[in-house]
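Keep in mind that this is a model prediction, so the values were computed, not measured. We count ligands from 1, going down the list as the structure has it; atoms in each ligand are counted the same way. Heavy-atom basis, side chains included; hydrogens, waters and symmetry copies ignored.
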Amino acid sequence: MALSSKIIGVGSYVPPKSYTNFDLEEMMDTSHDWIVQRSGIEKRHWVEDECTSDLALQASLKALKAADMSADQLDMIIFATISPDHEFPGTACFLQQKLGISKIPAIDIRQQCTGFIYGLSMADVYIKSGQYKNILLVGAEVHSKGLDKTPNGRAISVLFGDGAGAVVLTATKDSGIFHTELRADGNFAKELWTPAPGSALGKERISKEILDKGLHYAQMNGKLVFVHAVKRMSEILVESLKKSGFSLDDVDLFLFHQANLRINNKVAEVLNIPEEKVFNTIQEFGNTTAATIPLGMDQAIKTGVLKPGMLVAMAAFGGGFTWGASVIRF
Ligand code: ACO
């Protein structure tokens with residue numbers, strides 16, 4: 001029987017301090033009702049001083065423990081983030097050092113809100129090829145240090161939280177990951193992006209002028225993102241299930257990226273998926289970009305919603321635009 005790859009350990013971590021929408025009302029001329037009605041978010045966790053690899057470390061240690069594995073048994077680290085510790089080297093290298101290991105490859109990927117699905121696809125291919133056996137895949141973000149928390153930034157800043165989720169994958173002969181489908185369309189790259197720092201900005205990657213214009217803050221065409229997210233996630237879910245040999249009815253649990261509760265409710269409505277089969281965490285954590293799916297997976301395990309043997313379909317959509325879906329036997 002051919003090799004498959006399977007998630008054998010899941011962990012997550014959010015910083016202890018949470019901020020309700022009422023806390024945000026004090027900072028940025030917003031309201032609890034506006035945020036809940038538009039996004040479903042009620043609170044989010046923001047760091048005091050931790051960095052992205054700190055959050056990732058905590059999630060990774062929990063995932064390793066759940067997998068009954070030590071860090072020195074890992075063959076590779078894949079780290080999805082758009083809020084790295086530093087410009088370079090990648091945050092995977094900092095995480096590797098904090099895990100007390102060396103030598104194994106440590107790769108950073110971006111892929112924004114689709115980072116975890118892209119990382120899952122990479123891990124799956126490395127494992128199925130026989131090149132690596134045990135891979136740590138992490139999605140982690142510290143957004144709070146990069147948000148404009150004045151009224152100017154309210155349209156974006158109320159949506160994002162900090163957090164990390166990690167999974168350990170291993171080679172197995174059982175059923176694990178059936179299929180992962182990936183897409184991107186760079187025609188929409190500037191519809192959801194953070195322009196600075198960047199080499200396309202003129203003579204300098206970063207300057208006082210760039211900072212004065214706020215180009216280091218994320219920018220989003222919210223309405224366009226909404227329409228595309230619903231369409232693309234619905235399409236790719238159906239396609240990846242078809243390629244896996246399953247139908248929507250076969251799926252026990254749907255884990256979607258947590259950009260916006262209204263997006264996920266709309267995808268469920270379009271595909272006629274019963275509400276109780278979609279596991280959402282955005283109410284509590286906001287949008288943690290690359291961390292949302294593994295964070296949700298861990299919460300679903302902890303609350304007894306996700307159990308071994310279940311058929312799980314995941315889908316995400318984000319900046320790029322990028323989108324993807326994966327079907328796994330948990
Ligand atoms: N609090 C109060 N009022 C606000 C806020 C806020 N935080 N932000 C904007 N407003 C105001 C605007 O100023 C505007 O006021 P006006 O009518 O007086 O001019 C009004 O609310 C409507 O503003 P819009 O920008 O048109 O807001 P919209 O109704 O489109 O909702 C939202 C914004 C929630 C982002 C919506 O576009 C959406 O759901 N988009 C989906 C994309 C998404 O959720 N992205 C998340 C991250 S991306 C990802 O993960 C894929």
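Using bins of under 30°, 30° to 60° and over 60° for the plane-to-plane angle, the ring pair Phe317/Trp323 lands in the tilted bin.
Distance CD/Gln283 to OG/Ser39: 9.5 Å, rounded to 0.5 Å. The structure places CG of Leu136 at 9.0 Å from CD1 of Ile78, a figure rounded to the nearest 0.5 Å.
Proximity of the aromatic rings of Phe285 and His45 is defined here by a centroid distance below 6.0 angstrom, and this criterion is met. If you look at Phe116 and His257, their ring centroids are not closer than 6.0 Å.
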Between ligand 1 and the protein, tabulate every N or O atom pair separated by less than 3.5 Å, reporting distance only.
| residue | atom | partner | partner atom | Å |
| --- | --- | --- | --- | --- |
| ligand 1 | 1 (N) | Thr30 | OG1 | 2.6 |
| ligand 1 | 3 (N) | Trp34 | NE1 | 3.3 |
| ligand 1 | 7 (N) | Thr30 | OG1 | 3.1 |
| ligand 1 | 7 (N) | Arg154 | O | 3.1 |
| ligand 1 | 13 (O) | Arg154 | NH2 | 2.9 |
| ligand 1 | 21 (O) | Trp34 | NE1 | 3.1 |
| ligand 1 | 26 (O) | Lys223 | NZ | 2.5 |
| ligand 1 | 29 (O) | Arg38 | NE | 3.0 |
| ligand 1 | 30 (O) | Lys223 | NZ | 3.1 |
| ligand 1 | 39 (O) | Asn260 | ND2 | 2.7 |
| ligand 1 | 39 (O) | Arg262 | NH2 | 2.9 |
| ligand 1 | 40 (N) | Gly222 | O | 3.0 |
| ligand 1 | 44 (O) | Asn260 | ND2 | 3.1 |
| ligand 1 | 50 (O) | His257 | NE2 | 2.9 |
| ligand 1 | 50 (O) | Asn287 | ND2 | 2.7 |

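Identified under the side-chain hydrogen bond (donor to acceptor under 3.5 Å, both in side chains) test for residues 105-122, with sequence neighbours left out: Thr114-Thr322.
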